[in-house]
2 protein chains.
Amino acid sequence: MFTHEHICTTMSKKQKTIEQHHFPWDHPRFRSWIAVARACQLMQQTLTRRLAELDIKPPHLDILINLYRFDGISQQELARKLLVGRSNMSMLLPHLEKRGLIERRGDEKDKRVLRLSLTASGRLLSEQAMEIQTALIDKSLDDEPIEDCLKVAQSMERLIQRLLKEESDPG
Amino acid sequence: MFTHEHICTTMSKKQKTIEQHHFPWDHPRFRSWIAVARACQLMQQTLTRRLAELDIKPPHLDILINLYRFDGISQQELARKLLVGRSNMSMLLPHLEKRGLIERRGDEKDKRVLRLSLTASGRLLSEQAMEIQTALIDKSLDDEPIEDCLKVAQSMERLIQRLLKEESDPG
DNA sequence: ACAAATATGTTCATGAGTGAACATATCTAG
DNA sequence: CTAGATATGTTCACTCATGAACATATTTGT
């Protein structure tokens with residue numbers, strides 16, 4: 001829930017003359033990142049409203065999409081893909097299971113792991129929900145040129161790699 | 001009523017031959033947005049770890065930065081800037097007040113509103129925390145050219161405007 | 001082969017965020 | 001002037017997410 005709405009428009013003479021950034025909001029990368037974070041937050045809220053008619057929330061959709069793509073994935077792998085803790089999956093998945101959207105079956109080879117898959121109704125719901133999400137993203141970005149989107153995606157993927165690297169190597 | 005027939009559950013020859021996007025993850029804007037969302041999520045988690053030494057979390061920092069910039073702001077205005085509900089502020093602010101970081105004083109003119117401001121120690125803590133946040137953002141983005149950052153910021157601000165507009169006008 | 005390290009999943013207490021219902025206070029239209 | 005509409009803040013029940021502690025199961029090192 002980052003953020004500051006408007007970017008500071010007043011600049012002291014000192015800040016103008018010597019090119020330093022005394023406040024975060026005068027710092028271009030800071031301002032850019034805040035804009036990104038705010039956009040994400042709003043997108044999430046909008047998606048939450050759009051998904052309400054299917055009675056699911058963005059976290060559930062993230063799970064469903066991953067099961068759709070990666071049938072038989074384990075809870076651990078799923079948590080890693082979603083960048084959340086294992087305990088989070090342990091809390092959410094039983095709920096989806098009770099709703100009849102997913103199935104959890106023990107792995108024969110490795111008795112620790114639970115293999116996840118969509119049921120027929122889970123697959124149907126996933127398709128409806130992905131439709132909603134894709135439509136929202138499309139509508140929101142349709143005046144950004146595709147090549148700009150791809151460029152942003154590349155920047156973000158570089159950023160993700162850096163952050164994941166530093167997470168494992170706490171330098 | 002949702003039509004999802006153009007999302008196919010099985011890979012047909014047709015899908016492979018004609019270049020269409022039948023799955024969200026084959027859709028460039030979708031993939032771009034997912035990258036943005038993942039980057040935000042990781043950034044948030046990293047910031048959470050970095051702020052732990054100051055015993056605050058990103059939501060507190062967002063509040064502090066806004067009080068730093070906009071002394072005397074009301075809870076309502078603050079919630080609007082942060083894109084959260086009023087009830088959220090009602091839950092968080094008393095905690096910060098008890099820690100001696102902020103003050104809440106009733107407005108003389110309008111007895112409904114509470115005016116918020118930082119205490120001396122709140123100001124000090126804010127500066128330390130902004131230092132940490134700015135350093136993280138800088139380190140994470142320092143191989144992205146400034147002009148690319150600014151371009152992204154503009155795209156995101158356009159997106160924010162669109163989403164806010166549609167929120168008020170539910171078309 | 002067996003002890004130690006590692007991996008997977010669960011449970012629990014805690015914290016952040018939400019919307020609805022509520023209580024006041026202010027504004028606006030007759 | 002007053003009644004209804006609007007604005008601000010609080011409380012409540014609920015959801016999502018986390019990390020620590022735990023229980024099992026597997027892998028590794030000797």
Side-chain angles (χ1 to χ4, degrees), chain A residues 1-3 37-38 40-42 44-52 55-64 72-99 102 104-116 167-168, chain B residues 37-38 40-52 55-64 72-99 102 104-116 167-168:
Chain A
M1 144 187 138
F2 284 135
T3 352
R38 279 172 63 83
C40 276
Q41 196 183 347
L42 262 177
Q44 188 89 341
Q45 290 173 355
T46 307
L47 182 60
T48 299
R49 285 196 303 276
R50 299 282 173 90
L51 289 177
D55 199 27
I56 60 174
K57 299 215 170 127
H60 307 129
L61 177 53
D62 288 337
I63 292 172
L64 295 175
I73 197 177
S74 73
Q75 293 192 189
Q76 170 72 307
E77 290 166 330
L78 180 57
R80 197 183 48 76
K81 282 183 192 297
L82 297 180
L83 302 172
V84 299
R86 276 175 308 188
S87 58
N88 193 0
M89 294 300 101
S90 281
M91 306 288 276
L92 295 183
L93 292 173
H95 183 230
L96 295 178
E97 195 176 24
K98 277 175 205 118
R99 275 186 65 180
I102 68 171
R104 299 201 289 177
R105 288 173 41 248
D107 188 306
E108 293 297 320
K109 307 277 187 176
D110 187 337
K111 289 176 185 167
R112 292 170 300 182
V113 326
L114 292 177
R115 297 275 157 211
L116 307 172
E167 194 165 356
S168 52
Chain B
R38 281 172 59 86
C40 276
Q41 196 183 347
L42 263 177
M43 201 67 151
Q44 188 88 338
Q45 290 172 354
T46 307
L47 182 60
T48 300
R49 285 196 302 276
R50 299 281 173 90
L51 289 176
D55 199 28
I56 60 174
K57 299 213 170 129
H60 308 129
L61 177 53
D62 288 335
I63 292 172
L64 294 175
I73 198 177
S74 73
Q75 294 191 189
Q76 170 72 309
E77 290 166 331
L78 180 57
R80 197 183 49 77
K81 283 182 192 299
L82 297 181
L83 304 171
V84 298
R86 278 174 308 184
S87 57
N88 192 2
M89 294 298 101
S90 280
M91 307 287 276
L92 295 182
L93 292 172
H95 182 230
L96 295 177
E97 195 176 24
K98 278 175 204 118
R99 276 185 65 181
I102 68 169
R104 299 202 288 176
R105 288 172 42 247
D107 187 307
E108 294 297 320
K109 307 277 186 177
D110 188 337
K111 287 174 185 168
R112 291 171 301 183
V113 326
L114 293 176
R115 297 276 158 209
L116 307 171
E167 194 166 356
S168 52

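Note on naming: letters A, B, ... go to the chains in the order of the sequence lines (proteins, then strands), and numbering restarts at 1 for each one. Here the structure is a predicted model, which means the values were calculated and not measured. Below, all heavy atoms of this structure are taken into account, side chains as well, without hydrogens, waters or symmetry copies.
- When DNA chain D is scanned 5' to 3' for any atom under 4.0 Å from a heavy atom of chain A, the first and last hits are D/dT15 to D/dT26.
- For the pair A/V113 and A/R49, nearest-nucleotide mapping onto DNA chain C gives the more 5' position to A/V113.
- Taking atom CZ on B/R80 and atom C1' on C/dG17, their separation rounds to 19 Å, with Å as the unit.
- C/dG17 atom C1' lies 8 Å from atom CG of B/L92, rounded to whole Å.
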Trace of the side chain to side chain contact (heavy atoms under 4.5 Å, CB included) decision for B/L93 with B/R104 | CA-CA 9 Å; B/L93 292 172; B/R104 299 202 288 176; 4.2 Å; yes

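- No engagement by B/R115 is indicated, since no non-hydrogen atom pair under 4.0 Å with the nucleic acid exists.
- Taking atom CD1 of residue B/I56 and atom P of nucleotide C/dG15, one finds them 16 Å apart after rounding to whole Å.
- Proximity of a side-chain donor or acceptor of A/Q45 to a complementary backbone N or O of B/L83 within less than 3.5 Å is detected.
- At the phosphate of C/dT18, OP1 or OP2 sits under 4.0 Å from a side-chain N or O atom of A/Q45.
- Heavy-atom distances to DNA chain D give each of A/L83 and A/E108 a nearest nucleotide, and the one nearer the 5′ end belongs to A/L83.
- The backbone N or O of A/K81 lies less than 3.5 Å from a partner atom in the side chain of B/R38, making a donor-acceptor pair.
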Derivation of the side chain to side chain contact (heavy atoms under 4.5 Å, CB included) call for B/I63 and B/M89 | CA-CA 9 Å; B/I63 292 172; B/M89 294 298 101; 4.1 Å; yes

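- Residue contacts shown for A/S74 are limited to sugar-phosphate atoms, with no base heavy atom under 4.0 Å away.
- Rounded to a whole Å, the CG atom of B/L93 is 12 Å from the P atom of C/dA16.
- Out of C/dG19, C/dA16, C/dT26, the shortest distance to the side chain of B/K57 is found at C/dA16.
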Can you check side chain to side chain contact (heavy atoms under 4.5 Å, CB included) on A/L64 and A/I56, steps first, answer last?
-> CA-CA 10 Å; A/L64 295 175; A/I56 60 174; 4.2 Å; yes

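- Closest to the A/R112 side chain, of the nucleotides C/dT26, C/dA7, C/dT18, is C/dA7.
- The distance between atom CG of B/L51 and atom P of C/dG15, rounded to the nearest whole Å, is 17 Å.
- Across all strands shown, A/N88 has heavy atoms under 4.0 Å from base atoms, whether or not it also approaches the sugar-phosphate.
- Atom CD of B/Q75 is separated from atom P of C/dA25 by 16 Å (rounded to the nearest Å).
- B/Q41 places a side-chain N or O within 3.5 Å of a backbone atom of A/L82 that can act as its donor or acceptor partner.
- Applying the side chain to side chain donor-acceptor pair (under 3.5 Å) test to every pair with at least one member in residues 105-115 of chain A, sequence neighbours left out, gives these pairs: A/D107-A/R115, A/D110-A/R112.
- Position along DNA chain C of the nearest nucleotide to A/L114 versus B/H95 favours A/L114 as the more 5'-ward residue.
- Looking at which nucleotide of DNA chain D each of A/P59 and A/D110 is closest to, the 5′-most match is held by A/P59.
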